[in-house]
Amino acid sequence: MYFSIVIPVYQAEKYLERCVASVKTQSFRDWELILVDDGSLDYSSTLCDKFAAEDRRIKVIHKKNGGAASARNVGISIAKGRYLLFIDSDDYYENDTAIQQIYDTLQKYKSDVCLYGCYDEFATSGKRVQSRGNYNQQVFLDGDKGKILLSLMKSGEFPGSCWIMSVNRELLQLNNIFFPVNNRAEDIDWLLSVLSVAHTFSAINSCLYVYNKNQSSSVTGTAGKQSIRNILDTVNQWSERLKQEQSGDIYLALNSYVCFEFMTTLVILGHMKTDERQQLIPLYKSVILDTKKVIGIKLKLLCCLYRVLGVRIVAIICSLR
């Protein structure tokens, strides 16, 4: 089996059928679909069982609610495919050749990670905006991992979630890579874990995935106090780990990503009420970042301002973006 496709499902009755249909209608057929029902209280559980009864390639796991990370981990644990794909239950594939294109690219380049393009679709207006899919193909063809990661950071194409890529399942097994549970920074940790150990990369500039934006039911959730705490913990851990494990262009690219995610917490902080902000500012004292080794004019400027002006003022500046 070539692909294991993992979908965490929670309270997704409104969108689940569209999501699953976008997999079932794929021209490429060598896949299994793993629906992990994460304790849904709506009609989602029944829909999952219905889909499994209709297609033997679809498997369903019903579990107690534990969050998207724990659901994805269950899917990873039982997957049998050579490569993994992830979809959020309110998202879908753009066309019926998406998986075929991913397969063709993986077969051609034998890569550990294959990135692809994505549309952000706004639920209220139906408007679509391309958010990924302008990868520098020449850099990928040259095969230098450090330069590939730098290119992703410089161009704004750095992956933001697990669903924007296909990953070699053996890579996850050998390195014991799973999503951290009860952690709103799960994607940050997982992406850094994968990109740190992956050796080879490929990319597709076609938009194959549609991300349903601005949905309260989405597994991406909403930002807040816990998001800041989790991101700061993750940033701290990875800042130290990168210093020990990486060097050169790889360090520069991944450290830039860590610093970028740190700056996102300042955006969240800046939009908070003054009393809430004051409660969280002490958490920043324990964060140790290498803010001098980053790329990108905006990120360099923010890091410089952070070093000079501190958390409180930069948070207010970030909130004005």
Side-chain angles (χ1 to χ4, degrees), residues 1-8 31-36 38 59 61 63 66-88 102 105-106 109-116 118 132 145-146 148-149 152-153 157-203 209 219-221 227 230-247 250-251 253-258 260-261:
M1 185 177 300
Y2 205 86
F3 289 110
S4 291
I5 306 166
V6 178
I7 304 179
W31 49 260
E32 65 174 352
L33 177 60
I34 303 172
L35 299 172
V36 184
D38 192 38
K59 299 177 176 64
I61 302 294
K63 62 181 285 296
S70 69
R72 287 172 179 150
N73 287 342
V74 169
I76 293 171
S77 298
I78 68 169
K80 293 182 172 60
R82 183 175 172 185
Y83 283 89
L84 282 164
L85 289 165
F86 297 93
I87 315 179
D88 283 356
I102 298 169
T105 303
L106 289 169
Y109 298 110
K110 311 298 181 186
S111 50
D112 291 327
V113 172
C114 177
L115 300 163
Y116 37 86
C118 168
R132 296 289 189 283
K145 176 178 176 177
I148 289 171
L149 295 177
L152 292 173
M153 276 303 301
E157 298 284 329
F158 203 93
S161 184
C162 60
W163 44 253
I164 198 66
M165 62 171 70
S166 180
V167 182
N168 189 322
R169 185 169 66 89
E170 186 178 34
L171 184 78
L172 302 187
Q173 289 179 313
L174 291 175
N175 294 280
N176 195 32
I177 296 175
F178 290 94
F179 292 88
V181 295
N182 300 320
N183 185 336
R184 291 196 175 186
E186 68 232 27
D187 277 325
I188 300 172
D189 182 86
W190 190 86
L191 288 167
L192 284 166
S193 297
V194 170
L195 297 178
S196 292
V197 299
H199 299 291
T200 52
F201 298 80
S202 58
Y209 191 96
V219 294
T220 52
S227 293
N230 291 157
I231 293 173
L232 291 182
D233 286 343
T234 302
V235 160
N236 237 357
Q237 292 168 18
W238 273 100
S239 183
E240 183 60 33
R241 184 171 168 181
L242 290 175
K243 289 176 184 177
Q244 296 174 2
E245 298 178 2
Q246 305 295 343
S247 60
I250 297 175
Y251 175 81
L254 295 181
N255 183 65
S256 295
Y257 173 65
V258 167
F260 170 82
E261 291 296 345

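Only heavy atoms go into these numbers, but all of them, side chains included; no hydrogens, no water, no symmetry mates.
- S111 and L106 get closest at one heavy-atom pair: OG-CD2, 3.5 Å.
- In terms of the side chain to side chain contact (heavy atoms under 4.5 Å, CB included) criterion, residue partners of A185 (sequence neighbours excluded) are, by chain and number, N183, I188, N230, I231, T234.
- Counting heavy atoms from C-beta outward, L192 and Y257 have side chains that approach closer than 4.5 Å.
- D112 pairs by the salt bridge (charged side-chain N to carboxylate O under 4.0 Å, His left out) definition with nothing, not counting sequence neighbours.
- Within the model, atoms CD of E261 and CZ of F158 stand 9.0 Å from one another, a figure rounded to the nearest 0.5 Å.
- Atom OH of residue Y2 and atom CD of residue E32 lie 14.5 Å apart, to the nearest 0.5 angstrom.
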Using the side-chain contact (heavy atoms from CB on, under 4.5 Å) rule, take S196 and L254 through it: C-alpha gap first, then chi angles, then the decisive distance, then the call.
-> CA-CA 8 Å; S196 292; L254 295 181; 3.7 Å; yes
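- In this structure, Y116 has no ring pair (Phe, Tyr, Trp, His ring centres under 6.0 Å) partners at least two apart in sequence or on a different chain.
- Counting heavy-atom neighbours within 6.0 Å of E170 CD, excluding the residue itself, gives a total of 12 or less.
- With F86 as the partner, the ring pair (Phe, Tyr, Trp, His ring centres under 6.0 Å) test is satisfied by one option alone out of W190, W163, Y209: W190.
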Dump the intermediate steps for side-chain contact (heavy atoms from CB on, under 4.5 Å) on M165 and L191, then the final yes or no.
-> CA-CA 10 Å; M165 62 171 70; L191 288 167; 3.5 Å; yes
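- For the pair D187 and S161, the tightest heavy-atom approach, listed with the atom from each and the gap, is OD2-OG, 3.3 Å.
- Taken from CD1 in I61 to CG in D38, the straight-line distance is 12.0 Å, to the nearest 0.5 Å.
- To the nearest 0.5 Å, atom CD of residue E157 and atom SG of residue C118 are 10.0 Å apart.
- Minimum interatomic distance between C114 and T105 (heavy atoms only, all atoms of both residues): SG-CG2, 3.9 Å.
- Taking all atoms of both residues into account, the shortest heavy-atom contact from P8 to A71 is CB-CB, 3.6 Å.
- Annotation for I250 and G146: closest pair CG1-CA, 3.6 Å, computed over non-hydrogen atoms.
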Apply side-chain contact (heavy atoms from CB on, under 4.5 Å) to I76 and F179, showing your working.
-> CA-CA 10 Å; I76 293 171; F179 292 88; 3.9 Å; yes
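- Partners of Y251 under the ring pair (Phe, Tyr, Trp, His ring centres under 6.0 Å) rule, at least two apart in sequence or in another chain, do not exist in this structure.
- Looking at residues two or more places apart in sequence or on another chain, you find no ring pair (Phe, Tyr, Trp, His ring centres under 6.0 Å) involving F178.
- When every heavy atom of G75 is checked against every heavy atom of V36, the shortest pair comes out as N-CG2, 4.0 Å.
- With sequence neighbours excluded, the residues satisfying side chain to side chain donor-acceptor pair (under 3.5 Å) with E245 are R241.
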Does the pair R132 and L152 meet the rule for a side-chain contact (heavy atoms from CB on, under 4.5 Å), with working shown?
-> CA-CA 10 Å; R132 296 289 189 283; L152 292 173; over 6 Å; no
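- Between K59 atom NZ and K80 atom NZ the span is 6.0 Å, to the nearest 0.5 Å.
- To the nearest 0.5 angstrom, I7 atom CD1 is 4.5 Å from L33 atom CG.
- One N or O on the side chain of K145 and one on the backbone of L195 form a donor-acceptor pair closer than 3.5 Å.
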